[in-house]
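Presented below is the structure to which this report refers.
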Amino acid sequence: QVQLVESGGGLVQAGGSLRLSCVASGDTLRVIAMSWYHQAPGKQREFIARVSSGDTTTLADSVKGRFTISRDGAKNTVYLQMNSLKPEDTGIYYCNAMKTPLPGTAYDFWGQGTQVTVST
């Protein structure tokens with residue numbers, strides 16, 4: 001099992017910045033990627049950003065140029081730096097870890113989420 005704990009959410013004005021953190025603990029061996037997802041009020045959860053164990057990053061088009069994802073392997077922590085925040089960025093941000101314990105298998109683990117509210 002992998003436990004994920006997010007932090008760093010809060011209330012910010014439009015145009016402002018926040019940095020989210022997600023700390024992974026437990027059996028983190030063979031976690032191949034960690035990601036952030038965003039769930040706006042009344043909408044489905046959507047992919048925002050991913051960083052692989054090899055530090056390859058992927059960002060959703062909606063956040064390119066504004067958000068960056070990074071990780072500190074020594075601390076088992078992934079970060080989401082969010083700049084130029086917009087009201088539509090409001091919602092709950094979830095951390096995800098993908099683990100492949102055996103070839104051909106993959107499991108997802110989720111954190112409890114952290115609330116981000118962007119005011120106009």
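On a predicted model such as this, the values are computed, not experimentally measured, just so you know.
Separation of atoms CZ (F47) and NE2 (H38) is listed at 14.0 Å; rounding is to 0.5 Å. Considering CG of L80 and CG of L59, their distance stands at 8.5 Å, rounded to 0.5 Å. Atom SG of residue C22 and atom OH of residue Y93 lie 15.0 Å apart, to the nearest 0.5 angstrom. Interatomic distance, Q13 CD to S119 OG, rounded to the nearest 0.5 Å: 5.0 Å. Residue N83 holds its CG atom at 11.5 Å from CZ of R19, rounded to the nearest 0.5 Å. One distance of note links OG of S35 with CE of M98; it measures 7.0 Å at 0.5 Å rounding.
Cluster annotation: Y94 and F109 are assigned to distinct hydrophobic clusters (Ile/Leu/Val/Met/Phe/Trp/Tyr, side-chain heavy-atom contacts under 4.5 Å, transitive). I92 and V23 sit in two unconnected hydrophobic clusters of ILVMFWY residues. Membership requires side-chain heavy atoms under 4.5 Å apart, directly or through other members. Grouping the Ile, Leu, Val, Met, Phe, Trp and Tyr side chains by contacts below 4.5 angstrom, directly or via other members, places V31 with Y107.
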Would you please test Y79 and D72 for side chain to side chain contact (heavy atoms under 4.5 Å, CB included) and show each step? CA-CA 8 Å; Y79 304 98; D72 184 332; 4.1 Å; yes

Where do L18 and F67 land on the side chain to side chain contact (heavy atoms under 4.5 Å, CB included) test, with the steps shown first? CA-CA 10 Å; L18 283 174; F67 293 8; over 6 Å; no

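Formation of a donor-acceptor pair under 3.5 Å by the T90 side chain with backbone atoms of P87 is found in this model. Checking side-chain atoms of K99 against main-chain N and O of T28 turns up no donor-acceptor pair under 3.5 Å. R30 contributes a side-chain N or O that, together with a main-chain N or O of T100, makes up a donor-acceptor pair within less than 3.5 Å. A donor-acceptor pair is defined here as one N or O able to donate and one able to accept, closer than 3.5 Å; such a pair exists between the side chain of T114 and the backbone of G9. A distance-only check finds no donor-acceptor pair linking the side chain of Q112 to the backbone of V5 [under 3.5 Å].
Aromatic pair Y37/W110: ring centres closer than 6.0 Å.
When all heavy atoms of S53 and R71 are compared, the pair lying nearest together is O-NH2, 2.6 Å. Between A24 and V2, the shortest heavy-atom distance links the atoms CB-CG1, 4.3 Å. The minimum heavy-atom distance linking S17 with Q81 is given by the pair CB-NE2, 4.0 Å.
A salt bridge between D89 and K86 is absent, with no side-chain N of the basic residue lying under 4.0 Å from a carboxylate O of the acidic one.
Side-chain contact between M82 and R66 is absent, with no heavy atoms from C-beta onward closer than 4.5 Å.
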